[in-house]
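What follows is a short report on a single structure.
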Number of protein chains: 2
Amino acid sequence: MAAGRSVDAAARLRAAGLRSTGQRRAVLEALSRLGHATVDELAAEVQASMPEVSLSTVYRTLEALDAVGLVTHTHLHHGAPTYHSVDDEPHLHLVCQACGAVASESVEVALDLATAVRRASGFRVDLTHLALHGRCASCAPAIPDDPLAPPLHTSEAPAAGSLPAPPTLTEA
Amino acid sequence: MAAGRSVDAAARLRAAGLRSTGQRRAVLEALSRLGHATVDELAAEVQASMPEVSLSTVYRTLEALDAVGLVTHTHLHHGAPTYHSVDDEPHLHLVCQACGAVASESVEVALDLATAVRRASGFRVDLTHLALHGRCASCAPAIPDDPLAPPLHTSEAPAAGSLPAPPTLTEA
DNA sequence: TTGGCTGCAAAAATTTTGCAGTACC
DNA sequence: GGTACTGCAAAATTTTTGCAGCCAA
């Protein structure tokens, strides 16, 4: 499923003075199999076939792979960053703030934005894994489509007392 | 400084069955004074004048204010979400992955993107506090401006050994 | 060989919760 | 007066580190 535009991981690692180890390859494969995943998910996937791989190794591996550019990460949900395989088709994420669903969208839709920002301030946007927050079609109430419209969650405030934590589905 | 388009916080809270307390007002004021801040920064700012306000209160307050739409949050850096006052001029953030600097940009530059996404999938983007990651002008090396170009941090991999954690300036 | 990498376990940092008292409506 | 909110302290999580042995190159 994920054999997009392969990159020679080993070579890239070596070029940076790092090494290509079994664990690193395992993490890379797990990620490309999963498409995108959090540290936990990734650790679980790797440990399915290599139980001794420790969580700290996954953390350190991801950090290294990220530094070398073999993976990227975005912040889809609160605390935990979500990692992506560079080997994967570049895409951006649409994160629904209401139901938590994560959908993908072609990066092309944001090409103009990148250009505009570049022109306006010289900043170069990394679109490969941009995350857009908002409301998915099914959660969007019949409100005008003004993207600047204040908080989308205004009228359905919590009943009272404990504030309901928004559901947290993470499947794409 | 930050008396943009005011919102009646008390009213909005009450409308949701919540209450307007001194602590909540303090958090709101601190946030509007700071523009945007993490939980820690906010707690510090609040505690400067109200030392007894506990960190857990800040967490719970932010959660409540967010649910009611009086504040929003984005994920500028790794773990900690950054909160924003709705009272503030809407803007998006340009986060440099190299030096960590955070700059602001007018939301207008992304209006078309919102429309395109809306059209493509029915998803309504909340642009008010979008975060774009990439390279600021001073950190962008002389590379072609292809926003799809693989990882921007490819050739300057860590010397070896411990991977240098990117600096973490958070001033806008 | 050499020095980067890994596993294990402990330490640190970050968030969340339980409760009894307090304050807002 | 009823009930949401707060502070404090403890509990639960999530990440980071120290080290001795292991393994790519």
Side-chain angles (χ1 to χ4, degrees), chain A residues 8-28 37-44 46-47 50-68 73 75 77-83 157-166 168, chain B residues 8-28 37-44 46-47 50-68 70 73 75 77-83 157-165 168:
Chain A
D8 187 344
R12 189 173 291 191
L13 280 168
R14 270 197 300 278
L18 304 181
R19 294 176 182 174
S20 171
T21 67
Q23 291 86 333
R24 290 184 175 171
R25 261 168 278 141
V27 169
L28 233 22
T38 61
V39 176
D40 298 307
E41 300 169 330
L42 223 28
V46 169
Q47 292 171 337
M50 298 175 71
E52 0 48 75
V53 175
S54 70
L55 191 53
S56 52
T57 292
V58 177
Y59 272 102
R60 288 185 282 213
T61 294
L62 251 9
E63 186 185 354
L65 296 178
D66 201 342
V68 182
H73 70 265
H75 304 284
H77 304 295
H78 243 170
T82 301
Y83 286 87
S162 57
L163 300 162
T168 309
Chain B
D8 186 343
R12 189 173 288 190
L13 280 168
R14 270 198 302 277
L18 303 181
R19 293 173 184 176
S20 171
T21 67
Q23 290 87 332
R24 290 184 175 170
R25 260 168 279 143
V27 168
L28 233 23
T38 61
V39 176
D40 298 307
E41 300 169 330
L42 223 28
V46 170
Q47 292 171 338
M50 298 175 71
E52 357 50 73
V53 175
S54 70
L55 190 54
S56 52
T57 292
V58 177
Y59 272 103
R60 289 185 283 214
T61 294
L62 250 10
E63 187 185 354
L65 295 177
D66 201 343
V68 182
L70 285 170
H73 70 265
H75 303 284
H77 305 296
H78 244 171
T82 301
Y83 287 87
S162 57
L163 301 162
T168 308

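Protein chains get the first letters and strands the later ones, always in sequence-line order, with residue 1 at the start of each. Computed from a predicted model, the values in this text were never measured in an experiment.
- Nearest nucleotide to the Arg14(B) side chain, out of dC25(C), dC5(D), dG7(D): dC25(C).
- Spacing between atom CZ of Arg60(A) and atom P of dT17(D) amounts to 10 Å, rounded to whole angstrom units.
- Counting only heavy atoms from C-beta outward, the side chains of Thr61(A) and Leu28(A) never approach each other to under 4.5 Å.
- Looking at heavy-atom distances under 4.0 Å, Val53(A) makes contact with sugar-phosphate atoms alone, never a base.
- Not a single donor-acceptor pair under 3.5 Å links the side chain of Thr57(A) to the backbone N or O of Val53(A).
- If you measure from atom OH of Tyr59(A) to atom P of dC8(C), you get 17 Å, rounded to the nearest angstrom.
- Distances were taken from every side-chain heavy atom of Ser56(A) (C-beta onward) to each of dC5(D), dT6(C), dC8(C); the shortest belongs to dC8(C).
- For dC5(C), the base has no donor-acceptor partner in the side chain of Thr57(A) [N/O atoms by modelled type, under 3.5 angstrom].
- In this structure, CG of Leu65(B) is placed 12 Å from C1' of dC5(D), rounded to the nearest angstrom.
- Using a 4.0 Å heavy-atom distance criterion, Thr21(B) is classed as a sugar-phosphate-only contact.
- Computed from coordinates, the Arg19(B) CZ to dG1(D) P distance equals 15 Å when rounded to whole Å.
- Between the side chain of Arg25(B) and the backbone N or O of Ser20(B) there is at least one donor-acceptor pair closer than 3.5 Å.
- Gln47(B) places no side-chain N or O within donor-acceptor distance of the main-chain N or O of Glu52(B), the cut-off being under 3.5 Å.
- If you measure from atom CZ of Arg24(B) to atom P of dG7(D), you get 11 Å, rounded to the nearest angstrom.
- Here the C1' atom of nucleotide dT14(D) and the OH atom of Tyr83(A) are 13 Å apart, to the nearest Å.
- Between Gln23(B) and Met50(A), the residue whose closest nucleotide on DNA chain C is further toward the 5' end is Met50(A).
- The main-chain N or O of Leu65(A) is never found under 3.5 Å from a side-chain atom of Arg24(A) such that the two would form a donor-acceptor pair.
- For Leu18(B) and dC25(C), the CG to P distance is 11 Å, given to the nearest whole Å.
- Nucleic acid contact class of Ser20(B) (heavy atoms, under 4.0 Å, all strands): sugar-phosphate only.
- If you measure from atom CD of Glu63(A) to atom C1' of dC5(C), you get 13 Å, rounded to the nearest angstrom.
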